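Reading through the structure tokens given below for one structure.
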Amino acid sequence: MEQKLEKMKNRLRELTSLPAVSGYEDPVIRYVRAQFKDCAQEVHVDALGNVTVKMNRSAVPEPYRVMVFAHMDELGLMVNKIEESGFLRVERLGGIPEKSLAGQSVIIEAGGKTWNGVIGTKSHHVTPSDEKYRVLPVSEVFADFGFNSRQEAEMAGIDVGTPIMYQRQFFTNGSRVFSNALDNRAGCLALLELADLVKDKELSCELYLVFSVQEEFNLRGVLPAVRRINPHLAITLDITIATDTPDLLNKGNIYLGGGPSIGMYTFHGRGTLGGLIPNPKLVQHIKKIAAAHHIPLQPAVFMGILTDASFSQLENEGLPMVDLGYPARYTHAPVESVDLEDVHKLVLLLERLVYTFDGSIDFSRG
């Protein structure tokens, strides 16, 4: 098991090292395509960038199609103005928390080079007392990449619309991983690990693994892939909120190391209403399979969290769908944390589930 976790750790380090905010997922797209060069029936990249991997071709005329998906993109910032002094003004790209920004290290990929910078913060020595506990809104935030003028920044290949990402970080303590962009590169890792387990096996369903785009932007980037595949059921893989830190103990019972999670309810009330109440029969089936194989499963109910499932469940005639995932601490912060034991058990659960999806189980409502 130690060797297995080390392999997963190395793969996750590679995935999180790739800067890929919403709409700029190309480094991860290239990585995923390379992983499936010799072990998939078909690899398709659509115009938005979704990578659809068809793992097998069923001999049945009307095969039962199962889609398992995870998003490739990470949240970040975007340059919306370059000051004459060379400082960069920014806008949020995804739900990046302003409270995490002051003094943070950030990067830009431009002109064939990685530029390192920092989000500016007023010197503590001259900060008035009434400002010391104030979180600056993004409209007041600026990034410093060491440029002396607007012209110097532009000559480096930086312009309005250039994305900015958290600095790449990766460190571990046993199976615990601390890194940027674990949301949702750990989900991408789970898809890759699942592919390794089933690539040479005979499956009773036609299995599609989808690495989706723009989840952090508007949750709808995956829709072209869903329409193309037209699955009979789908499972999305993403983080769930670990509630085992001192500040969240009253929010639930989701623990790092406690096993994979199953989303029983997600909802976000701001803007366009979204969320997922999973198909009840699918939930019961997953719980049954998890119990049969002694895989712990942590049920989760959260307001304020959304996944790719929020709108993709509504496609075609509606899809039986569920959120499966792994607990994560410090979500959307510059460094998040997960336990690879949870991701490994999630992969084992997915493998067991895939073998049961032969079209004989009734997931209809009523």
Side-chain angles (χ1 to χ4, degrees), residues 1-16 28 31-32 35-36 39-40 51 53 55-56 66-72 172 174-177 179 181-205 207-212 233-240 242 254-263 282 285-300 307-309 321-328 336-357:
M1 184 60 190
E2 187 175 336
Q3 187 176 6
K4 176 64 177 174
L5 288 178
E6 195 61 31
K7 178 189 170 230
M8 291 176 67
K9 198 178 295 182
N10 290 335
R11 202 175 218 174
L12 187 55
R13 181 184 286 108
E14 291 175 348
L15 282 163
T16 58
V28 184
Y31 180 89
V32 169
Q35 297 292 305
F36 288 100
C39 65
V51 183
V53 180
M55 290 302 300
N56 64 312
V66 174
M67 174 177 164
V68 186
F69 59 112
H71 70 89
M72 297 180 286
T172 65
S175 61
R176 298 284 169 91
V177 173
S179 178
L182 291 174
D183 175 10
N184 188 27
R185 303 293 162 74
C188 295
L189 171 67
L191 286 183
L192 294 172
E193 294 290 314
L194 175 62
D196 286 347
L197 291 179
V198 304
K199 64 184 178 183
D200 298 320
K201 306 290 178 58
E202 186 173 330
L203 303 176
S204 52
C205 65
L207 179 62
Y208 294 82
L209 307 181
V210 176
F211 299 79
S212 63
L233 73 82
I235 297 172
T236 183
L237 310 180
D238 211 331
I239 58 102
T240 196
I254 310 294
Y255 299 90
L256 257 64
S261 60
I262 180 167
L282 180 54
H285 178 68
I286 292 171
K287 287 182 175 180
K288 174 184 171 184
I289 298 302
H293 294 282
H294 308 289
I295 299 171
L297 196 58
Q298 303 191 81
T307 71
D308 270 340
M321 193 174 288
V322 67
D323 288 311
L324 292 182
Y326 49 92
E336 300 166 324
S337 182
V338 301
D339 193 317
L340 284 179
E341 292 273 9
D342 296 329
V343 180
H344 175 63
K345 288 171 184 172
L346 170 62
V347 174
L348 295 181
L349 175 59
L350 290 167
E351 181 198 20
R352 299 299 184 185
L353 285 170
V354 164
Y355 295 128
T356 69
F357 293 143

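No experiment lies behind these values; they were computed from the predicted model shown. Any value given below was found using the heavy atoms of this structure, including those in side chains, with hydrogens, waters and symmetry copies removed. When a residue number appears, it is its place in the shown sequence, counting from 1.
Annotation for I254 and P299: closest pair CD1-O, 3.2 Å, computed over non-hydrogen atoms. A pairwise comparison of heavy atoms in G187 and L237 identifies O-CD1, 4.0 Å as the closest pair. Between G258 and P296, the shortest heavy-atom contact is O-CB, 3.5 Å. The minimum heavy-atom distance linking P327 with V338 is given by the pair O-CG1, 3.7 Å. When all heavy atoms of V322 and G263 are compared, the pair lying nearest together is CG2-O, 4.3 Å.
Using a 4.5 Å cut-off on side-chain heavy atoms (C-beta onward), P260 and I295 make contact.
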| Derivation and outcome, side chain to side chain contact (heavy atoms under 4.5 Å, CB included), residues L194 and M55 | CA-CA 10 Å; L194 175 62; M55 290 302 300; over 6 Å; no

| said: Set out, in order, the CA-CA distance, both residues' side-chain angles and the distance that settles side chain to side chain contact (heavy atoms under 4.5 Å, CB included) for F211 and L191, then state yes or no. | reply: CA-CA 8 Å; F211 299 79; L191 286 183; 3.6 Å; yes

From CA spacing to verdict: side chain to side chain contact (heavy atoms under 4.5 Å, CB included), L182, I239 | CA-CA 8 Å; L182 291 174; I239 58 102; 5.8 Å; no

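Interatomic distance, S175 OG to L340 CG, rounded to the nearest 0.5 Å: 6.5 Å. We find the CZ-CG distance between F69 and L209 to be 12.0 Å, quoted to the nearest 0.5 Å. In this structure, L192 CG and M8 CE are separated by 10.0 Å, a value rounded to the nearest 0.5 Å. In this structure, CG on D183 lies 5.5 Å from CD on E336, to the nearest 0.5 angstrom. The distance from atom CG of D238 to atom CG of L324, rounded to the nearest 0.5 Å, is 11.0 Å. Atom CD1 of I262 is separated from atom CD of Q298 by 11.5 Å, given to the nearest 0.5 angstrom.
In this structure N184 satisfies the side chain to side chain donor-acceptor pair (under 3.5 Å) test together with Y326, sequence neighbours excluded.
The main-chain N or O of M72 is found under 3.5 Å from a side-chain atom of R185 such that the two form a donor-acceptor pair. With hydrogens and angles ignored, the 3.5 Å screen pairs no side-chain donor or acceptor of E341 with any backbone N or O of G257. The main-chain N or O of D200 is never found under 3.5 Å from a side-chain atom of N56 such that the two would form a donor-acceptor pair. Between the side chain of D342 and the backbone N or O of L256 there is no donor-acceptor pair closer than 3.5 Å.
Within a 6.0 Å radius of NZ in K288, no more than 12 heavy atoms belonging to other residues, nucleotides or ligands are found.
Side-chain atoms of T236 and D308 include no donor-acceptor pair closer than 3.5 Å.
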Extract all donor-acceptor atom pairs below 3.5 Å that involve side chains of residues 347-356 and protein atoms in other chains or at least two apart in sequence.
residue: T356; atom: OG1; partner: H285; partner atom: NE2; Å: 2.8
residue: T356; atom: OG1; partner: L353; partner atom: O; Å: 2.6

Check: residues 9-16 side-chain donor-acceptor pairs under 3.5 Å, at least two apart:
residue: K9; atom: NZ; partner: G174; partner atom: O; Å: 2.9
residue: N10; atom: OD1; partner: R13; partner atom: NH1; Å: 2.9
residue: N10; atom: ND2; partner: E6; partner atom: O; Å: 3.3
residue: R11; atom: NH1; partner: E193; partner atom: OE2; Å: 2.9
residue: R11; atom: NH1; partner: D196; partner atom: OD2; Å: 2.9
residue: R11; atom: NH2; partner: Q35; partner atom: OE1; Å: 3.1
residue: E14; atom: OE1; partner: Y31; partner atom: OH; Å: 2.6
residue: T16; atom: OG1; partner: L12; partner atom: O; Å: 3.0
residue: T16; atom: OG1; partner: R13; partner atom: O; Å: 3.3
residue: T16; atom: OG1; partner: S179; partner atom: OG; Å: 3.3

